[in-house]
Colleague: 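This is the structure, below, for whatever I ask next.
All ligand and atom numbering here is 1-based and tracks the order in the structure.
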Amino acid sequence: MAVERQHVKEQDKIQRRSNFDPVESNLTEEQVKLEASRCLNCKNPRCVKGCPVNIQIPEFIQAIKEGNMEKAGEIIRQTSMLPSVCGRVCPQERQCEGNCVLGIKGSPVAIGALERYVGDNTKAEMPEIKPSGKKVAVVGSGCAGMTAACDLRKEGHEVEVFEALHELGGVLRYGIPPFRLPRTVLDREIKNLKAMGVKFHTNVIVGKSITLKQLKEDGFDAIFICSGAGLPKMLNVPGENLNGVFSANEFLTRVNLMHAGQPDSPTPLRVGKKAAIFGGGNVAMDAARTAVRVGFEEVYIIYRRTEKELPARLEEIRHAKEEGIVFKFLYAPKEIIGENGYVKAVELEVMELGEPDESGRRKPVATGKVETMELDTVIVALGTGPNPIIQKSAESEGLEIITDRRGYITVDGETRCTNIDCVYAGGDVAPVGESNAINAMGAGKKAAKAINDMLK
Ligand SMILES: Cc1cc2nc3c(=O)[nH]c(=O)nc-3n(C[C@H](O)[C@H](O)[C@H](O)COP(=O)(O)OP(=O)(O)OC[C@H]3O[C@@H](n4cnc5c(N)ncnc54)[C@H](O)[C@@H]3O)c2cc1C
């Protein structure tokens, strides 16, 4: 009899509205064996092609079938340093699982859940490190930075990571909430890097506390810039400066990093009754689900297209709906109305879908109809761009880093080298393809390889 796809257990949808504990637990050992047995071990594995870094999926699943979990871990870690992270946050439905042949007529193999189980239940091997005498600076401690640091250290280079914030992990720490990515997962990976000898400096803003030129003068033979894209795009409508308007990044950082949801936090959050989140991606879902957990009574996601065009992961959308978040489609903000300096309402323009735009999605067009919605909090999740601090300071030192018109650093797609000697860039600050966790890790790997080749 055919084995059915195994599902992880999820926390009760009412209960989880008031806690930050992981929504999903892992598959059980029994379920992992059953799920692995569903893999057909295809000769031409489409799942591998669907994975942006081409993890050898059938091979790691085969190792699970053989009961060799450590080998499964080793196979995944050859390509992805953070299986516990990717197994939780990758949009598998569009990547590996979206390409699984079993999905054509039924349910694809739960590759993400298997990867997560392997990641959580195996340890990266501690490599033997032979000092190379070279030094590399990594700017930013997110997915790209951690991956590059790991690969560079394995090659024997001294690696120092400079991080602007007081905690390490980038978006995985300050953006993605712990109910999706438990912090223990991240802490374990960072501990591992420290054990390998990677040095971390927090509260150091490259471009302000120290410049690229100074890093070079300090003897760094190569620099990898992976400072992410943390600068929020705002709505550009009247009323955006009112109290009660947040960018999603600020809102999530306050809660995730500064623990603003807790009563004794030094940076408390004014929790109102009704919040609207503008946007339809993963960030919007995370902000909305976080708003529910910190105590907003009504939370809305307002999106200018329809549900079909929502860019967020399907699982996130389902979870958001289960947690009572209300979706309002085909509305765009026109004005935020205030009273005594605080948000009181938002005027929404009713939209309809027109012709497809350059992204291939049908463009929202204003109908001219306007509705008013009373609320006290507006959270803007319309995307982010790179912060120009590093480029500006480099420019003032006579180093002009070439960027595109939106400020993303221009790099060679294979090596991630910039136009400046020994300076590389990758991840969200220099995206090649979609900006997501696995692509940032892929960039970290490519840059580390190119730096290593160059240093040798
Ligand atoms: C809320 C949210 C949810 C997301 N959900 C998903 C998801 O479900 N799945 C998925 O695949 N992707 C998701 N993403 C995207 C994904 O997390 C990112 O694409 C990825 O983490 C980028 O990694 P990175 O290393 O390039 O940058 P980051 O993780 O942003 O790390 C960059 C680091 O550099 C530091 N930095 C910045 N400037 C400086 C400076 N001048 N000096 C020193 N340090 C500096 C920053 O503080 C930060 O720690 C999400 C993003 C957000 C914001």
Colleague: Supply the atom-to-atom distance Ile61 CD1 to Cys47 SG, rounded to the nearest 0.5 angstrom.
Modeller: 6.5 Å

Colleague: By number and element, which atoms of ligand 1 are closer than 4.0 Å to a non-hydrogen atom of Gly170?
Modeller: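 Answer for ligand 1: 29 (O), 31 (O), 48 (C), 49 (O).
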
Colleague: Identify the two heavy atoms, one from Asp21 and one from Phe179, that lie closest to each other, and give their separation to 0.1 Å.
Modeller: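 Reported closest heavy-atom pair: O-CB, 3.3 Å.
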
Colleague: At their closest point, which heavy atom of Arg46 faces which heavy atom of Cys100, and how far apart are they?
Modeller: NH2-O, 4.4 Å

Colleague: For atom 3 (C) of ligand 1, find the nearest protein heavy atom and state the residue, atom name and distance (0.1 Å precision).
Modeller: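 For atom 3 (C) of ligand 1, the nearest protein heavy atom comes out as Asp286 OD2, 3.2 Å.
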
Colleague: Only heavy atoms of Gly427, strictly under 4.0 Å: list the atoms of ligand 1 that pass.
Modeller: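 The atoms of ligand 1 under 4.0 Å from a heavy atom of Gly427 are 26 (O).
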
Colleague: For atom 40 (C) of ligand 1, which of Asn439, Leu172, Val206, Val89 has the closest heavy atom?
Modeller: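 Ranked by closest heavy atom to atom 40 (C) of ligand 1, first place is Val206.
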
Colleague: Glu323 and side-chain hydrogen bond (donor to acceptor under 3.5 Å, both in side chains): which single residue from Arg293, Lys13, Arg318, Arg17 fits?
Modeller: Arg293

Colleague: Testing the 3.5 Å rule here: is there a donor-acceptor pair between the side chains of Thr184 and Asp187?
Modeller: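 Side chains of Thr184 and Asp187: no pair found under 3.5 Å.
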
Colleague: Please confirm whether Asn387 approaches ligand 1 to less than 4.0 Å, judged on its heavy atoms.
Modeller: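 No, Asn387 has no heavy atom closer than 4.0 Å to ligand 1.
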
Colleague: Mind checking whether Ile390 contacts ligand 1 via backbone (N, CA, C, O), side chain (CB onward), both or neither, at a 4.0 Å heavy-atom cut-off?
Modeller: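 Contact part for Ile390 vs ligand 1: side chain (C-beta onward).
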
Colleague: Do His201 and Glu163 meet the criterion of a side-chain donor-acceptor pair at a distance under 3.5 Å?
Modeller: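 Side chains of His201 and Glu163: no pair found under 3.5 Å.
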
Colleague: Under 4.0 Å from a heavy atom of Phe162: give me the atoms of ligand 1 that qualify, with their elements.
Modeller: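 By the 4.0 Å cutoff, the relevant atoms are 43 (C), 44 (N).
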
Colleague: Between Pro386, Gly228, Ser435, flag the one that comes closest to atom 27 (O) of ligand 1 by a heavy atom.
Modeller: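 It is Gly228 that holds the nearest heavy atom.
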
Colleague: Checking a contact table here: which protein heavy atom is nearest atom 38 (N) of ligand 1, and how many Å away?
Modeller: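 Its nearest protein heavy-atom neighbour is Ser227 CB, 3.4 Å.
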
Colleague: When you measure from the heavy atoms of Ile389 to every atom of ligand 1, does any distance fall below 4.0 Å?
Modeller: no

Colleague: I need the nearest protein heavy-atom contact for atom 31 (O) of ligand 1: residue, atom name and distance, please.
Modeller: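 Checked against all protein heavy atoms, atom 31 (O) of ligand 1 sits closest to Gly142 CA, 3.5 Å.
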
Colleague: Around atom 12 (N) of ligand 1, find the nearest protein heavy atom and jot down its residue, atom name and distance.
Modeller: Ala437 N, 3.4 Å

Colleague: If you measure from atom 34 (O) of ligand 1 to every heavy atom of Gly140, Pro91, Gly444, Gly145, which option wins on shortest distance?
Modeller: Gly140

Colleague: Using the ring of Tyr303 (Phe, Tyr or Trp, six-membered ring only), decide whether Lys328 places NZ or CZ under 6.0 Å from its centre and within 45 degrees of its axis.
Modeller: no

Colleague: Assess the side chains of Glu10 and His319: does a donor N or O sit below 3.5 Å from an acceptor N or O?
Modeller: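 Judged by distance alone, the side chains do pair up.
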
Colleague: Using only heavy-atom distances, determine whether the side chains of Tyr300 and Glu298 contain a donor-acceptor pair under 3.5 Å.
Modeller: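 Note: Tyr300 and Glu298 side chains meet the donor-acceptor criterion.
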
Colleague: In terms of atom number and element, which parts of ligand 1 are under 4.0 angstrom from non-hydrogen atoms of Ala144?
Modeller: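 Reading through ligand 1 atom by atom, the close ones are 25 (O).
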
Colleague: So, does Arg180 sit close enough to ligand 1 that a heavy atom of it is under 4.0 Å from the ligand?
Modeller: yes

Colleague: Which residue holds the protein heavy atom closest to atom 2 (C) of ligand 1, what is that atom called, and what is the gap in Å?
Modeller: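 In this structure, atom 2 (C) of ligand 1 has Val283 CG2, 3.5 Å as its nearest protein heavy atom.
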
Colleague: What residue and heavy atom of the protein are closest to atom 49 (O) of ligand 1, and at what distance?
Modeller: Glu163 OE1, 2.6 Å

Colleague: Give the numbers and elements of all ligand 1 atoms closer than 4.0 Å to a heavy atom of Ile205.
Modeller: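 Contacts of ligand 1 toward Ile205, numbered from 1: 41 (N), 42 (N).
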
Colleague: Considering the heavy atoms of Val204, write down every atom of ligand 1 situated less than 4.0 Å from one of them.
Modeller: 42 (N), 43 (C)

Colleague: Say you draw a straight line from CG of Asn419 to CG of Asp412; how long is it, rounded to the nearest 0.5 Å?
Modeller: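 The CG atom of Asn419 sits 12.0 Å away from the CG atom of Asp412.
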
Colleague: Regarding Arg77 and Thr122, do their side chains bring together a donor and an acceptor under 3.5 Å, going by distance alone?
Modeller: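 Side chains of Arg77 and Thr122: pair found under 3.5 Å.
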
Colleague: Students should be able to answer this: which protein heavy-atom is nearest to atom 26 (O) of ligand 1, and at what distance?
Modeller: Asp428 N, 2.8 Å

Colleague: With ring centroids as reference points, do Tyr331 and Phe329 lie under 6.0 angstrom apart?
Modeller: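 That pair fails the under 6.0 Å test.
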
Colleague: Would you indicate which of Ala164, Pro388, Gly230, Ala440 comes nearest to atom 45 (C) of ligand 1 when only heavy atoms are counted?
Modeller: Ala164

Colleague: Please state which protein non-hydrogen atom is closest to atom 13 (C) of ligand 1 and give its distance, to 0.1 Å?
Modeller: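 For atom 13 (C) of ligand 1, the nearest protein heavy atom is Ile176 CD1, 4.2 Å.
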
Colleague: Taking distance alone, with no angle check, do Arg313 and ligand 1 share an N/O pair under 3.5 Å?
Modeller: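 Between Arg313 and ligand 1, no N or O pair is found under 3.5 Å apart.
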
Colleague: So, is Leu252 polar-close to ligand 1, with some N/O to N/O distance under 3.5 Å?
Modeller: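 No.
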
Colleague: For Leu102 versus Pro108, what's the shortest heavy-atom pair and its separation?
Modeller: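 Shortest heavy-atom separation between Leu102 and Pro108 comes out as CB-CA, 4.1 Å.
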
Colleague: Measuring from the heavy atoms of Cys143, does anything fall under 4.0 Å of ligand 1?
Modeller: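 Yes, that is the case, since the closest heavy atom of the residue is under 4.0 Å from the ligand.
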
Colleague: Is Val429 touching ligand 1 with its side chain, its backbone, both, or neither, if touching means heavy atoms under 4.0 Å apart?
Modeller: neither

Colleague: Could you tell me if Thr306 and Arg362 have a donor-acceptor pair between their side chains, going purely by distance under 3.5 Å?
Modeller: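 No - no donor-acceptor pair under 3.5 Å links their side chains.
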
Colleague: What atoms of ligand 1 come closer than 4.0 angstrom to any heavy atom of Leu165?
Modeller: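 Once the distances to Leu165 are compared, the set is 47 (O).
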
Colleague: Could you check whether Glu434 and Asn439, counting side-chain N and O atoms only, form a donor-acceptor pair closer than 3.5 Å?
Modeller: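 Short answer, no.
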
Colleague: Is the closest side-chain donor-acceptor distance between Thr410 and Asp404 under 3.5 Å?
Modeller: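 The criterion, which ignores hydrogens and geometry beyond distance, is not satisfied for Asp404 and Thr410.
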
Colleague: Are Gln11 and Asn19 close enough, and set up right, to give a side-chain hydrogen bond (donor to acceptor under 3.5 Å, both in side chains), and what steps lead you there?
Modeller: CA-CA 10 Å; Gln11 212 196 129; Asn19 70 55; 2.6 Å; yes

Colleague: Taking all non-hydrogen atoms of both residues, which atom of Gly175 and which atom of Asp286 are closest, and how far apart?
Modeller: O-OD2, 4.5 Å

Colleague: Examine Asn249 against ligand 1 and note whether any of their N/O atoms are separated by less than 3.5 Å.
Modeller: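 Such a contact does not occur with ligand 1.
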
Colleague: So is Thr384 in contact with ligand 1, going by heavy-atom distances below 4.0 Å?
Modeller: no

Colleague: Any N or O of Val171 that comes nearer than 3.5 Å to an N or O of ligand 1?
Modeller: yes

Colleague: Show the atoms of ligand 1 that are less than 4.0 angstrom away from any heavy atom in Asn282.
Modeller: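 Ligand 1 atoms under the 4.0 Å threshold to Asn282: 5 (N), 6 (C), 7 (C), 8 (O).
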
